[in-house]
Structure formats: C-alpha cells, structure tokens
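For reference, the structure is listed below as structure tokens.
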Amino acid sequence: MRIGLIGKKLGHSFSKMIHEKLIDQPYELIELDEQQLVEFMETKAFKAINVTIPYKETVMQYCDEIDEQALAIHAVNAIVNRNGRLIATNTDFTGLMLMLKQHNIVIKDKCCCVLGTGGTSKTAQAVLKAMGAKEILVAGRNKPAPIISYEALKQHQEIQVFINATSVGMYPNNDDQIIDLADFGQLEAVADVIYNPLTTRLCQQAEELKLKHVNGLKMLVAQAKAACEFFHDIALDDEKIHQITDEIYKDMANIVIIGMPSSGKTTLSQELAKISDKRLVDIDEEIVRREQRTIREIFDTEGEARFREIETAICKDLAKQTKLIISCGGGIIKNEENMRSLAQNGIIFHIRRNLDALLVDDSRPLSSSKERLMAMEKERMPLYQKYSQFEIDNNSTIEAALKQIKERFDEVTCN
Ligand SMILES: Nc1ncnc2c1ncn2[C@@H]1O[C@H](COP(=O)(O)OP(=O)(O)OP(=O)(O)O)[C@@H](O)[C@H]1O
Ligand SMILES: O=C(O)C1=C[C@@H](O)[C@@H](O)[C@H](O)C1
Ligand SMILES: [Mg+2]
C-alpha cells in the first residue's frame, strides 16, 4: 500500500527526501488532477498520504474522522487509512507550533499579526490562538474588516510578532518583501513559512534588525515528522527535526566564494566542486558566456558601470538557484544588492591571501600595480568582512584552505 504526498504539482516538493530521512520506508510524490483525485480517494488505495495544495479542503469529504484542529482550520494535510476508515489531521498546525517553540518565539500574551488570508493563514491563526496570543490581527489585500490592509498595518504599532503566510518573496520573486519591518517599533519576532529561498528578504531584514526569526524549512520538516508519527503510529525524537533541517539546508545551500583578485577563489572553488555534488559556476565566466565578449571588451566599450549592471543581473539569477558553488569576481561586494541576493541561498566564504602573494596583472586596470592592489584592499577588505560568514586564510597550501572551508561548512546550521 502506498505512502506519499498528493497534490497537483509536486516538482519542487522536499517531502520525499524528508520522509525517507525520517523512516526507512518508500514515500511517493503522487501528482493528481481533479479527476484522478476523485478516483484515488474513492478507491482508498493508499496506506497513508500527505495532502498539499490545492486539495487540502477537497479531500475532507472523503474522510471518516477529522480531528478538532483540522476541522477548525478547515484543511487536512495528513490522512491515514485504518482498515478502510480514513482518519485525518492537520500536521501543518503541529509543525508551525513546533517551529515557533523551538525558536523560542513567545506567543503567549503577545499581539501577533498573520500576513495573508489563505489556508496557511488559517493554520497560523489557529496556532497563535492555541499558544495564547493576546491578540491576533490578520492583514490581506482587498478584504473587508477586520482584515487590515497592508497600507493600514503601520497604524498597529502594538504588533510584536509577524507570521508571513503569503507567498510574497517566494522563488522566483526572491526580491519581494511584503512589509517593512522597520515600521514596527515593538516588534520582537518574525516567522516566515517560505523555504525557497532559504532566507527571504523578510527574514534578512529581521536579521538586520536583530529580531528573532525563522524560515519555513523547519516547519516543513516538523509537519513531516508529525505526519510520519501519525502514519506509522510511532514517536520520533524532536531532535530529528533539527538534524534533517540542517541536512537539507546544507544540501540546498550555495557556497559563495569572495575575495581579492587572485586570492585563490577559482582554484578553491574548483577543488571544492571535486568533492561535493554542488555545481560550479564562475560569475566572470558566466558573464563572458552570456555576453559573448570578454570582460576587457565590456570595460573598454561600455565602462565599469555597465559591467557592474551585467554582473548584478547574472548574480541575482544565479543566487536564486540552489546547490551551486558560486565563484565571484573580486568586485562583487561593491554592490550591496549583489550580496543580499547571494546571501538568500548562500553561505559566503571570504578567501584571504596576503597582499604580497597577490598577482600584479598588467592586463587588469584595477590590479595593474602593487599600489593599486594595496588601495583596492584598503577599500574592499571591510566589505569582504562585512558580507562573509566565514573568513578563510589562504596563506598556506590550497589543501589547508580547503580543509578550513569544509570544517566551517560542517558547522553551519539552518537558523
Ligand atoms: N594557497 C595557495 N598556494 C599557492 N598558490 C596559490 C594558492 N592560492 C592561490 N594560488 C595561486 O594564485 C593564483 C590565483 O588564484 P585563482 O585564479 O584561484 O584566484 P582568483 O581569486 O580566482 O583570481 P581572480 O580574481 O583572477 O578570479 C593561481 O595561480 C593559483 O594557483
Ligand atoms: O510541499 C510539500 O511537500 C508539502 C507542503 C505542505 O502543504 C505540507 O502540508 C505537505 O505535507 C507537504
Ligand atoms: Mg577567478
């Protein structure tokens, strides 16, 4: 009997990967159109299923028992077939609650606001209620009161916690952000249900403002863990949630390599690619490939400003992808926007090599003499440091630098 996830489009789902890490049992992604759904539910030819968009409400009519939470939310995401009886629950509820608790996001007696009015918003509202929120505000577009418009939200200075239950900021619209967190003086924490990108703009701003924040990957894993327990009637350790979230985070994350010209970025990126299953891309090479001309030609004919524009466009495009090793041009840090984009899915390593070892290169206008390199280092070093999570000393062997990168990468956890 089958176990898996049903939904309309499942190409991007992580559920198979997560469930197979939770328990040694096959888990299928089962795409169904509306017609196929009816047959699938009527024949009950499954042992247990998760349900995702757009069928979380539709499946309710086939269930024999639906628990209180799922009824209150009016959505089901997990169904188990017990001798022909379909028993249903909503583990998104459990997942979101676990995620908030594990990140010490206090809800009790707080004024909370859910962004969005769809199914996930209903789940979030139910969780906040169950966790004892003092007040639950809901913001949405073109909806009558009590839904608050995004424009009017600023008037609610009492908000302490936001939960983003919209898809604003989700791939491929990674630059979008639904509200400006700086408008809210009492704000303590932000939870975002989105997990692609790994860090949304909203979470990036929360980080800048030193607010507690958490992304949707943990919720996804936590709801899968609850579903797995429900399906197999077992109890799993909560620690599994952290462990699997971190594994997926590291698996998906890009490794971004920055540093001064000739500090060793390309060499180290190539070595890294040999020992990982991430795909190597070099932004400078990508520019040449897409533009069909050399960087020198772009500089000479259209100037540095135009080169930087092209670099930013390609950088943003690559930054949206996952599982890459991105070797950057030395000047990538000149534009803050580049670094914000790269940080959404990336772990950024700064390769540091002593000025004496850097190559003077006549053919490069910006590093054509020792003096120019020195001036460049003075200008850029604070930026390399500001934008990197880890600094890697590359003054010994390549192997030694590679070892540092591997060790630092192993330490990384999903926030
Ligand atoms: N630890 C090291 N030991 C010896 N040689 C090194 C070391 N690191 C880098 N190099 C050498 O320095 C030169 C520049 O390295 P590489 O091309 O990887 O740098 P880069 O940062 O990619 O430079 P660019 O800014 O041109 O892209 C290469 O010849 C490389 O072999
Ligand atoms: O994308 C997915 O794999 C899922 C998303 C949510 O709807 C979950 O409720 C569902 O169990 C799995
Ligand atoms: Mg290089």
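Everything quoted here is computed from the prediction, not taken from an experiment. Note that ligands are numbered from 1 as they come in the structure, with each ligand's atoms numbered from 1 the same way.
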Go through the side-chain N and O atoms of [X] and [Y] and say whether any donor and acceptor fall under 3.5 Å apart.
{"X": "Gln125", "Y": "Ser121", "result": "yes"}
{"X": "Glu207", "Y": "His213", "result": "yes"}
{"X": "Asp67", "Y": "Thr89", "result": "yes"}

Open item on the list: Minimum distance, heavy atoms only, to atom 25 (O) of ligand 1: which one of Ala400, Gly329, Pro261, Ala401 is it?
Closed with: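 Shortest heavy-atom distance from atom 25 (O) of ligand 1: Pro261.
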
TODO: Could you check Asn215, Leu181, Leu115 and say which one makes a side-chain contact (heavy atoms from CB on, under 4.5 Å) with Val190?
DONE: Leu181

Shortest protein contact, [atom] (heavy atom only):
{"atom": "atom 27 (O) of ligand 1", "value": "Thr266 OG1, 3.9 Å"}
{"atom": "atom 29 (O) of ligand 1", "value": "Leu359 CD1, 4.6 Å"}
{"atom": "atom 12 (O) of ligand 1", "value": "Ser262 O, 4.0 Å"}
{"atom": "atom 19 (O) of ligand 1", "value": "Gly264 N, 3.1 Å"}
{"atom": "atom 8 (N) of ligand 1", "value": "Asn394 ND2, 2.9 Å"}
{"atom": "atom 16 (P) of ligand 1", "value": "Thr267 OG1, 3.5 Å"}

Side chain, backbone, both or neither: which applies to [X] and ligand 1 if a contact is any heavy-atom pair less than 4.0 Å apart?
{"X": "Arg353", "result": "side chain"}
{"X": "Ser396", "result": "backbone"}
{"X": "Thr397", "result": "backbone"}

TODO: Over 60° means perpendicular and under 30° means parallel, so classify the ring planes of Tyr171 and His12, tilted if in between.
DONE: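 Ring orientation of His12 relative to Tyr171: tilted.
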
With heavy atoms of [X] as the reference, note each atom of ligand 2 found under 4.0 Å away.
{"X": "Ser15", "answer": "2 (C), 3 (O), 4 (C), 12 (C)"}
{"X": "Asn77", "answer": "8 (C), 9 (O), 11 (O)"}
{"X": "Asp92", "answer": "8 (C), 9 (O)"}

Task: Under 2.8 Å: N/O/S of Thr266 next to the Mg ion (ligand 3) - done: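 Yes, Thr266 qualifies, because one of its backbone or side-chain N, O or S atoms lies under 2.8 Å.
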
TODO: Using a 4.5 Å cut-off on heavy atoms from C-beta on, say whether the side chain of Met376 contacts that of Met260.
DONE: yes

Open item on the list: Tell me every residue that passes salt bridge (charged side-chain N to carboxylate O under 4.0 Å, His left out) with Arg308, counting only those two or more places apart in sequence or in another chain.
Closed with: Glu304, Glu311

- [ ] Using a 4.0 Å heavy-atom cut-off, say whether Leu5 meets ligand 2 through its side chain, its backbone, both or neither.
- [x]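 Answer for Leu5: side chain.
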
Task: His12 to ligand 2, any heavy atom closer than 4.0 Å - done: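 Under 4.0 Å: no for His12.
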
Task: Any Met260 heavy atom less than 4.0 Å to ligand 1 - done: yes

Open item on the list: If you scan the protein for heavy atoms around atom 5 (N) of ligand 1, do you find one that is closer than 4.0 Å?
Closed with: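 So atom 5 (N) of ligand 1 has protein heavy-atom neighbours under 4.0 Å.
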
Task: Residue pairs involving residues 15-28 (criterion salt bridge (Lys or Arg N to Asp or Glu O under 4.0 Å); sequence neighbours excluded) - done: Arg2-Glu28, Lys16-Glu20, Lys21-Glu247

